[in-house]
Amino acid sequence: MEVNKEFEIQQKSQGQKMRYRNFPMVPRVVYGNGSFCQLGDILMPQRKNSDAPCVFLVDDVFEGTSFVGRIPVIFSDQIIFISADEEPKTDQVDALVAKIKQDFSELPSGIIGIGGGTLLDLAKAVAIMLTNKGNASEYQGWDLVQRPSVYHVGIPTISGTGAEVSRTTVLLGPEKKLGINSDFTVFDQVILDPELTRGVEKEQWFFTGMDCYIHCIESLNGTYLNAFSQSYGEKALELCKEVYLKDLPASIAREKLMMASWHGGMSIAYSQVGVAHAMSYGLSYLLGVKHGVGNCLVFQHLAEFYPEGVALFQQMIEKHAIDLPQGVCKNLSDSDFETMISVSLGMEPLWENALGKDWYNKINPEKLRTIYEKI
Ligand code: NAD
Ligand code: ZN
């Protein structure tokens, strides 16, 4: 009796102090090989009328392939092919929104993103900006979006980023690379069809998959970790190890990596990423290095922070004979290093997750410069 009471009091006082995040999850998801075929049926009840189209934003790697014939286009629906060579930008989002508003008299019934993290993030951002005033860069940050977005669907064709499940869309703006983090960012529907990842080239498969692996390591070793994040992070890590260290049949590996990506994304929803991501943002901001590659470039030098994670990463690099780019920071000026360091140190929640509340006593610009110089 006494113990129960004490527990109750403790709970109450904790309840008053703690504010737990209340975040949305993707409400509907279909998983399975060939499940892309269900897209037409899924969209039908969402269609408002024949003047309110579905707009499909599709990675241009699929342009001219038979896959395009499988996209369920009817009425005035539009397919827009977009290159994923560069990471998404706020002005690119603004231009797409302007085009869609110009082409149609009504708001679209749905925006469907088909591709990797680049296309998924573009689809999320376009869906938000169709119903919110101003420019996309005004919404980079946390919970700045006021109005619900247009119905939007995410269909990954490469696995790893977790963008299919996250509440952010990472955009390069005029001043910063930062996500539009909001409850309205999350997809209304996701289709997970592992078959769609069939054509991914080996190096890209490795880099995007390592994004997931690094999400797990950073989440599981972070100070923000709780049982919720841990349960997803551990599962994702187990799947990544199977995919990258065992010799699985290709179809099984595709299926497992798709689920690793999902769980990795869920793991960071309640926690954060860490040192590799903070430093990778600097590389990407200054040099346009792509997210997956940037993470690997940094992570290889982070044994001090993530000893076991880096050791396993080296095994994976060797097993798949991946050559990481060398000398990326070789010819940079002092001011270049300063830019990267300041972008990186600006990612406070990432450092706090990695090193604790007094993170600024544990890391300094010189230390970051030493790591960047090795890349
Ligand atoms: P990506 O979308 O940039 O695509 C990488 C390459 O793979 C491209 O050349 C693309 O054409 C190709 N590709 C994709 N699917 C293919 C297929 N089935 N067959 C052949 N080629 C294919 O890659 P990514 O690594 O998935 O995404 C990176 C982006 O994701 C970055 O912009 C990053 O900022 C973002 N990101 C977002 C989140 C989030 O939560 N929103 C999380 C992590 C990363
Ligand atoms: Zn990432």
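Model, not experiment: these values are computed from the prediction.
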Mind listing the closest non-hydrogen atom pair of [X] and [Y] along with its distance?
{"X": "Ala84", "Y": "Asp59", "answer": "CB-OD2, 3.5 Å"}
{"X": "Cys54", "Y": "Ser109", "answer": "SG-CB, 4.4 Å"}
{"X": "Phe184", "Y": "Gln146", "answer": "CE1-O, 3.9 Å"}
{"X": "Gly117", "Y": "Thr161", "answer": "CA-OG1, 4.0 Å"}
{"X": "Pro24", "Y": "Val186", "answer": "CG-CG2, 3.7 Å"}
{"X": "Ala278", "Y": "Leu350", "answer": "N-CD2, 3.6 Å"}

Between atom [atom1] of [X] and atom [atom2] of [Y], what is the distance when rounded to the nearest 0.5 Å?
{"X": "Lys99", "Y": "Lys101", "atom1": "NZ", "atom2": "NZ", "result": "14.5 Å"}
{"X": "Met258", "Y": "Glu195", "atom1": "CE", "atom2": "CD", "result": "10.0 Å"}
{"X": "His277", "Y": "Ser284", "atom1": "NE2", "atom2": "OG", "result": "10.5 Å"}
{"X": "Asn226", "Y": "Ser271", "atom1": "CG", "atom2": "OG", "result": "7.5 Å"}
{"X": "Leu286", "Y": "Leu332", "atom1": "CG", "atom2": "CG", "result": "6.0 Å"}
{"X": "Lys256", "Y": "Ile252", "atom1": "NZ", "atom2": "CD1", "result": "7.0 Å"}

If we ignore angles and hydrogens, is there a donor and acceptor under 3.5 Å between the side chains of [X] and [Y]?
{"X": "Ser267", "Y": "Ser219", "value": "yes"}
{"X": "Asn33", "Y": "Glu255", "value": "yes"}
{"X": "Asn295", "Y": "Ser280", "value": "yes"}
{"X": "Thr208", "Y": "Asp211", "value": "no"}
{"X": "Ser261", "Y": "Glu164", "value": "yes"}
{"X": "Glu352", "Y": "Tyr224", "value": "yes"}
{"X": "Thr223", "Y": "Lys357", "value": "no"}

Any donor-acceptor N/O pair, [X] side chain to [Y] backbone, under 3.5 Å:
{"X": "Glu218", "Y": "His215", "answer": "no"}
{"X": "Asn353", "Y": "Gly274", "answer": "no"}
{"X": "Asn132", "Y": "Arg147", "answer": "yes"}
{"X": "Ser166", "Y": "Gly265", "answer": "no"}
{"X": "Lys124", "Y": "Ala163", "answer": "yes"}
{"X": "Asn181", "Y": "Thr168", "answer": "no"}
{"X": "His320", "Y": "Tyr244", "answer": "yes"}
{"X": "Asn135", "Y": "Glu138", "answer": "no"}
{"X": "Thr169", "Y": "Asp121", "answer": "yes"}
{"X": "Tyr372", "Y": "Met279", "answer": "yes"}

Going by heavy atoms in the side chains, are [X] and [Y] under 4.5 Å from each other?
{"X": "Pro365", "Y": "Leu368", "result": "no"}
{"X": "Leu107", "Y": "Lys48", "result": "yes"}
{"X": "Tyr232", "Y": "Trp262", "result": "no"}
{"X": "Tyr213", "Y": "Phe299", "result": "yes"}
{"X": "Tyr139", "Y": "Leu171", "result": "no"}
{"X": "Ile82", "Y": "Leu119", "result": "yes"}
{"X": "Glu86", "Y": "Leu172", "result": "no"}
{"X": "Arg70", "Y": "Leu39", "result": "no"}

Tell me whether the NZ or CZ atom of Lys177 lies within the 45° cone about the ring axis of Tyr281 and under 6.0 Å from its centre.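 So Lys177 does make the cation-pi contact.
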
Please answer: with hydrophobic residues joined when any side-chain heavy atoms are less than 4.5 Å apart, are [X] and [Y] in the same cluster?
{"X": "Ile268", "Y": "Phe228", "answer": "no"}
{"X": "Phe67", "Y": "Ile80", "answer": "no"}
{"X": "Ile322", "Y": "Val289", "answer": "yes"}
{"X": "Val275", "Y": "Ile214", "answer": "yes"}
{"X": "Val29", "Y": "Leu196", "answer": "no"}

Basic-acidic side-chain contact under 4.0 Å: [X], [Y]:
{"X": "Glu238", "Y": "Lys241", "value": "no"}
{"X": "Arg28", "Y": "Asp188", "value": "no"}
{"X": "Arg198", "Y": "Asp193", "value": "no"}

Got more than 12 heavy atoms from elsewhere within 6.0 Å of [atom1], [X]?
{"X": "Lys246", "atom1": "NZ", "value": "no"}
{"X": "Glu308", "atom1": "CD", "value": "no"}
{"X": "Glu106", "atom1": "CD", "value": "yes"}

Steps toward side chain to side chain contact (heavy atoms under 4.5 Å, CB included) verdict (Phe187, Leu120): CA-CA 9 Å; Phe187 283 116; Leu120 297 181; 4.0 Å; yes

What do the steps show when you test Asp247 against Lys319 for side chain to side chain contact (heavy atoms under 4.5 Å, CB included), and what is the final call? CA-CA 10 Å; Asp247 295 301; Lys319 180 166 171 65; 2.8 Å; yes

Does the ring-ring contact (aromatic ring centres under 6.0 Å, His included) test come out yes or no for Tyr306 and Phe313, once each step is laid out? CA-CA 10 Å; Tyr306 308 111; Phe313 174 75; over 10 Å; no

One pair to check against side chain to side chain contact (heavy atoms under 4.5 Å, CB included): Leu283 and Cys329. What are the steps and the verdict? CA-CA 9 Å; Leu283 282 176; Cys329 297; 3.8 Å; yes

Go through it in stages, so that I can follow the logic: the residues are Phe62 and Ile79, the test is side chain to side chain contact (heavy atoms under 4.5 Å, CB included), and I'd like the CA-CA distance, side-chain angles, deciding distance and then a yes or no. CA-CA 11 Å; Phe62 295 108; Ile79 298 180; over 6 Å; no

The test is side-chain hydrogen bond (donor to acceptor under 3.5 Å, both in side chains); show your working for Ser333 and Asp336 and say whether it passes. CA-CA 5 Å; Ser333 65; Asp336 288 338; 3.3 Å; yes

